[in-house]
Amino acid sequence: MQNRQEQISQVVVTAGQMRDIEERIFAAGMPVAALMEKVAGLIARRIQEIYPLFERGGAGVQGCRGAGVQGSRGVGGEITSSSPSSSSSPLLFSSSRVGILVGPGHNGGDALVVARELYFRGYEVWIYSPFSKFKELTSQHLQYVRSLGIPYYQDIEQLPDCDFLVDGLFGFGLERTLTDSIAAAINQLNEWDKPIISIDLPSGLHTDTGEVLGTAIRATHTFCLGLWKLGLLQDQALDYLGKAELIDFDIPLADVQAVLGDTPKIKRITPATALATLPLPRPPVTHKYKEGHLLLICGSRRYAGGAILTALGARSSGVGMLSIAVPESLKPLLVSHLPEALIVGCPETETGAIAQLQLPEKTDLSSFNAIAIGPGLTKDATAIVQEVIASDRPLIIDADGLNILAQMGTIPTLQKRQATTILTPHTGEFQRLFPDIADPKLDRVKAVREAAAQTGAVVLLKGARTAIANPQGLVWINPESTPALARGGSGDVLTGLLGGLLAQVVTKQIAVENIVATAAWWHSQAGILAAEERTELGVDAFTLTQYLKSSILFIKL
Ligand SMILES: NC(=O)C1=CN([C@@H]2O[C@H](COP(=O)(O)OP(=O)(O)OC[C@H]3O[C@@H](n4cnc5c(N)ncnc54)[C@H](O)[C@@H]3O)[C@@H](O)[C@H]2O)[C@@H](O)CC1
Ligand SMILES: Nc1ncnc2c1ncn2[C@@H]1O[C@H](COP(=O)(O)OP(=O)(O)O)[C@@H](O)[C@H]1O
Ligand SMILES: [K+]
């Protein structure tokens with residue numbers, strides 16, 4: 001049984017689902033005001049950790065940015081206080097200065113409670129809200145903070161210079177495109193280039209698609225409340241989120257289950273979900289053919305490197321046996337890079353692509369637990385793509401394999417397949433495969449779901465937040481990655497890794513989409529680790545294969 005924290009960290013909700021979950025909590029007796037108090041208290045405490053009071057005049061300066069106190073646009077404040085962080089000798093404190101952006105709904109209410117708490121902790125607090133009508137609870141909080149003497153501005157130009165801002169303009173209640181003065185204010189706030197902590201989500205983002213509704217706050221931190229909102233896991237939102245974290249406010253799992261129920265779920269891949277699928281530990285008594293036999297079909301005279309990278313990705317998976325079909329002329333090259341693999345040299349077309357599969361004697365496609373085809377093939381390798389699609393083997397199709405599949409007619413071709421099929425397109429390949437599915441850039445999760453439903457395949461749509469769907473509508477999203485992976489060849493490595501993993505576990509009653517999710521997670525974690533050690537510029541595809549093998553990844557778990 002997974003613990004609560006692990007279960008909560010997998011959950012992804014839409015605005016509608018979040019509203020229904022909250023409704024259940026309120027209907028069960030939790031007062032709305034009490035929940036707001038609790039949530040905002042957690043936010044205020046987290047803010048104090050990230051931006052502790054700026055301390056002046058004593059030893060051990062612990063403030064976040066000295067620049068905030070000098071060179072200010074507006075009034076700087078100084079108070080003498082014995083705050084919880086003071087030592088026995090009285091110190092002079094200069095409070096950190098916070099601008100609180102308040103919207104008309106409960107996102108604004110959360111922000112006002114944060115304002116009050118930070119004020120009492122010694123921060124210098126200013127409130128900005130251009131609205132004249134507020135929800136009742138929000139209005140009460142506004143009245144109270146004003147009674148405390150916290151300055152309140154309706155014109156953005158009047159808001160004094162701050163060290164950081166807290167964005168409580170809109171949360172999941174945003175329904176319409178932002179225009180006019182509020183849009184202008186958001187643009188102005190972004191131009192100030194101050195750190196901004198967004199409550200729940202950066203104001204202006206669509207909660208489900210991550211689309212920018214006119215304009216949006218560019219946050220440095222996003223504190224997602226209670227459960228991960230789907231929009232925060234969509235590529236188009238990433239530029240706006242900064243560092244995103246979940247503020248868990250103890251939503252009962254029973255309420256989450258009651259709302260999400262049996263409907264297909266969207267889930268975040270976590271280290272625990274990835275680990276559960278890895279073929280570890282190995283049984284003590286085993287042999288190479290029991291640990292999976294993968295056939296890779298890849299490469300051409302033109303794209304020899306793609307074959308090497310795919311093969312190195314497969315090697316990193318720990319697969320028991322690796323066979324690699326390449327054009328005959330590439331055989332010496334592959335042997336020199338992967339001495340342990342069985343290299344199958346195949347007859348070539350005039351252009352140097354694989355013309356047909358020529359397996360060794362006593363071997364046919366049924367000898368393999370899985371096949372991965374595509375990287376570096378060129379579009380001249382049509383015959384072999386047709387042959388493996390017609391086979392009954394678990395199959396991964398990538399790169400030129402996908403382009404050939406698109407020419408064959410994606411949906412009618414795949415509907416005939418009985419065995420497992422996995423497609424791993426990037427956005428361009430996806431559009432060629434599925435020209436009738438609405439632009440995947442606008443809602444990647446919806447697009448990948450439709451693709452899986454139409455083909456009966458598991459579809460992995462590559463991107464900054466790779467999304468994986470099975471034909472029943474279950475979606476996994478990879479919540480962590482690095483732009484260091486945006487380099488030629490890193491997709492080839494993923495195909496090999498996934499192939500090797502699939503060959504090892506396909507017979508173990510593990511859901512195929514879980515295997516795909518684990519490969520995507522492993523690939524990204526290796527990229528993150530490599531980028532930490534070598535910067536985002538240091539993760540070429542070959543280096544990535546070295547990091548895939550790093551045991552640190554699994555020791556971390
Ligand atoms: N009830 C509570 O105590 C809790 C509050 N939470 C907070 O409440 C938020 C949701 O609150 P709400 O449902 O009030 O919604 P929001 O505060 O997100 O925004 C809704 C308000 O904005 C207005 N609005 C929507 N689109 C607009 C536009 N384009 N231009 C101008 N005004 C627009 C609506 O009329 C409404 O007044 C969450 O995001 C979260 O911050 C919860 O997360 C936690 C529990
Ligand atoms: N900005 C990014 N952030 C995280 N991962 C990325 C980013 N851009 C690309 N990737 C990952 O890098 C890989 C690129 O694959 P692909 O486009 O097939 O490249 P290639 O065909 O050159 O190998 C995919 O796994 C993708 O998810
Ligand atoms: K917000």
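Both ligands and their constituent atoms are indexed starting at 1 by order of listing.
- Closest to atom 4 (C) of ligand 2 by heavy atom, among Asn478, Thr482, Val539, is Thr482.
- At a cut-off of 3.4 Å, Leu101 is not counted among the residues with an N, O or S atom near the K ion (ligand 3).
- Heavy-atom separations between Ile182 and ligand 1 are all 4.0 Å or longer.
- Scanning for ring pair (Phe, Tyr, Trp, His ring centres under 6.0 Å) contacts around Phe430 gives Phe434, with sequence neighbours left out.
- Taking only non-hydrogen atoms, the option from Ser198, Pro104, Gly171, Pro31 nearest to atom 18 (O) of ligand 1 is Gly171.
- Any N or O atom pair closer than 3.5 Å counts here, and Leu485 shares at least one such pair with ligand 2.
- Considering the K ion (ligand 3) as centre, the angle to OD2 of Asp167 and to OG of Ser203 is 60° (10° rounding).
- Residue contact check: Gly489 has heavy atoms under 4.0 Å from atoms 20 (P), 22 (O), 23 (O) of ligand 2.
- Per-atom contact check: atom 3 (O) of ligand 1 touches the protein, criterion being a heavy-atom distance below 4.0 Å.
- Under a 4.0 angstrom heavy-atom cut-off, Leu213 registers as lying outside contact with ligand 1.
- Every N/O-N/O distance between Phe26 and ligand 1 stays at or above 3.5 Å.
- The heavy atom nearest to atom 6 (C) of ligand 2, considering only Gly488, Pro483, Gly463, is found in Gly463.
- Taking every non-hydrogen atom of Asp492 and a distance limit under 4.0 Å, the qualifying atoms of ligand 2 come out as 23 (O).
- At the K ion (ligand 3), the vertex angle linking O of Phe170 with OD1 of Asn107 is 70° (nearest 10 degrees).
- For atom 34 (C) of ligand 1, no protein heavy-atom neighbour is present inside the 4.0 Å cut-off.
- Neither the backbone nor the side chain of Met18 has any atom closer than 4.0 Å to an atom of ligand 1 (non-hydrogen atoms only).
- Remark: Lys229 engages Asp200 in a salt bridge, criterion side-chain N to carboxylate O under 4.0 Å.
- Inclusion of Ile199 in the first shell of the K ion (ligand 3) is supported: an N, O or S atom falls under 3.4 Å.
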